[in-house]
*Asks:* 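Got a structure here, written out as structure tokens. Questions coming.
Each chain gets a letter, A, B and so on, in the order the sequences are listed, and its residues count up from 1.
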There are 2 protein chains.
Amino acid sequence: MEKKQNPLFVGTLAKGLRLLRAFDESHVSLSLAELVARTGLEKSAVQRMAHTLHHEGMLERDPGTRRYRPSHAWLELAYAYYWSDPLISRALPKLVEFSRAYGETVNLAQISGDHIIYSLRLPNQRTQFAASIVGRRLPALGTASGRVMLATWSKEEVTHALENWPIRSATPKTITDREAIAEDIARAKNDGYSITDGQMMLNEISLAVPVISIDGRANAAVQVSVSSLTYDEARLKGEILPALLDTAGGIPG
Amino acid sequence: MEKKQNPLFVGTLAKGLRLLRAFDESHVSLSLAELVARTGLEKSAVQRMAHTLHHEGMLERDPGTRRYRPSHAWLELAYAYYWSDPLISRALPKLVEFSRAYGETVNLAQISGDHIIYSLRLPNQRTQFAASIVGRRLPALGTASGRVMLATWSKEEVTHALENWPIRSATPKTITDREAIAEDIARAKNDGYSITDGQMMLNEISLAVPVISIDGRANAAVQVSVSSLTYDEARLKGEILPALLDTAGGIPG
DNA sequence: TCATAAGTATCAAATAATGATACTTCAATC
DNA sequence: GATTGAAGTATCATTATTTGATACTTATGA
């Protein structure tokens, strides 16, 4: 184990958490050996941690394949999170209302370090699975939600973000030029919304508006995803934008 | 710490997990002292665990109040869970379809020990917050979903459940008589659906149908909640039940 | 069938967690 | 605004617990 200065740091617990985080969308179940590979821990340590997590109900274990999987307990943790975050209960009814009225996919995104995380998602029939489930994280600079939040932040913070936050190219259309993103944020600051086209997925247009708190700053955004095959920007601005501004504005500060 | 026989059991990790589980819908943030009270651990241990969990991004800490809260990481874990459970991706499009068509709250429930857990929820405007968010656990015997699943299980399993699983009285109408529940399960076995009225909440009717796997057994159910003020059982059976059976039946086995 | 990898069990060594205690900061009350 | 008790933080000697090497067993597939 690396030298951990602080005597309050409990290495064993941190190791256990690494096993939990070893699971993601492309690692839905892991064997002992795979856990060793993904966590970088000793085989013995992984054996003990996995045993303990299983014993405590945090990992499911297939007796046949001996592979470990996330358990229902991971959803219970999400349940506790939902109650703990006051924004969720304020935003949910507004999003439901919007979703029912327009039938388009609508999400609540929150800033989470240099990423955004989707904390509420109301999918429609056409929505891809990855875009339907909560907890997804995306680099903030590459999303309409992230940009429209940044548009409410101080000049210093925006500069820092533009210089340091990560950018990941997900489609041929992904803008990786930080200058261009800076312009987009400036535009969002002026317009009060941000639109991206095919940044994370081709043929997907995203429209995001900020959820502004009392101090004028946004740490969250409401975002709509539509297909570029059925919408163009003009129609999006005409039909969806006003309602989306109402939705975000209606979330109690 | 109690004597833990198995040398593979890592007590420190188990203790850390207790901090996470100390949070729930009525404990959305906890101070150090409250964590001590709720976990039953030593003050020193809680201090170290909380520090570590915070350091690892699993707990948010308000610098002003010094209280701990669940972090976004708890949603990320849910994201990993969603990918890991193959039922989710199969059920989601069907539930969305139903939700759009009927505009009523629809859920996917799965058995989780002697409880059911809601793993997908598509709320409508009238849905209460607690009924809108995933991860909620309810005693299986008290829910239409739990009963309709049990209806597909072996006689021995049902007997065992009826004798041992917990029952919690949530409303004046909650049925706590295990005989009556046995009858209800028998009825569900015959009908292929289960209806409860005001069991968890007054003025709420639940209709559940099983998601049956190849072996004829159900570990999941699709469930609709409607207000008893706008629906009666007859209307529910006439208008909703056929579509709900289609929805559940359409989930690929 | 054999060979090899994966998973499981054991144990001596010593690191890292423990929990008692002392110190500091906060917040409430007079 | 000073006083007081509770909550939070820091420290450290003790020792229980984790550690990680190794041997053993069970799977897998060539």
*Asks:* Map A:T65 and B:Q47 onto DNA chain C by nearest heavy atom, then report which one ends up closer to the 5' terminus.
*Replies:* A:T65
*Asks:* C:dT25 P sits how many Å from B:R66 CZ, rounded?
*Replies:* 9 Å
*Asks:* Output the rounded distance in Å from CG (A:L13) to C1' (D:dT18).
*Replies:* 14 Å
*Asks:* For A:E157, look at atom CD and say whether over 12 heavy atoms of other residues, nucleotides or ligands are found less than 6.0 Å away.
*Replies:* yes
*Asks:* To the nearest angstrom, how far is B:L32 atom CG from D:dG8 atom P?
*Replies:* 5 Å
*Asks:* If you measure from CG on B:L150 to CG on B:L141, what distance do you get to the nearest 0.5 Å?
*Replies:* 6.5 Å
*Asks:* What integer distance in Å separates B:L35:CG from D:dA7:P?
*Replies:* 13 Å
*Asks:* Quick one: the side chain of A:K43 and the base of D:dT22, do they pair up donor-acceptor inside 3.5 Å?
*Replies:* no
*Asks:* With a sphere of 6.0 Å drawn around CD of A:E25, does it hold more than 12 non-hydrogen atoms of other residues, nucleotides or ligands?
*Replies:* yes
*Asks:* Should the ring pair A:W83 and A:Y79 be called parallel, tilted or perpendicular, given that the plane angle runs from 0 to 90° and is split at 30 and 60?
*Replies:* perpendicular
*Asks:* Both A:R67 and A:R48 contact DNA chain C. Which one's nearest nucleotide lies toward the 5' end?
*Replies:* A:R67
*Asks:* What is the distance from CD of A:E34 to P of C:dG7, rounded to the nearest Å?
*Replies:* 8 Å
*Asks:* Could you tell me the separation between the CG atom of A:L30 and the C1' atom of C:dG7, rounded to a whole number of Å?
*Replies:* 15 Å
*Asks:* Under 4.0 Å from OP1 or OP2 of C:dA17: is there any side-chain N or O of A:T12 that close?
*Replies:* yes
*Asks:* Any chance the side chains of A:Y68 and A:E60 put a donor and an acceptor closer than 3.5 Å?
*Replies:* no
*Asks:* How long is the line joining CD of A:E42 and C1' of D:dA21, in whole Å?
*Replies:* 9 Å
*Asks:* Starting the side chain at C-beta, find the nucleotide from D:dT19, D:dT22, C:dA20 nearest to A:S44.
*Replies:* D:dT22
*Asks:* So, is A:R61 close to the C:dT8 phosphate, meaning a side-chain N or O under 4.0 Å from OP1 or OP2?
*Replies:* yes
*Asks:* Rounded to the nearest Å, what distance is computed from the CG atom of residue B:L8 to the P atom of nucleotide D:dG20?
*Replies:* 15 Å
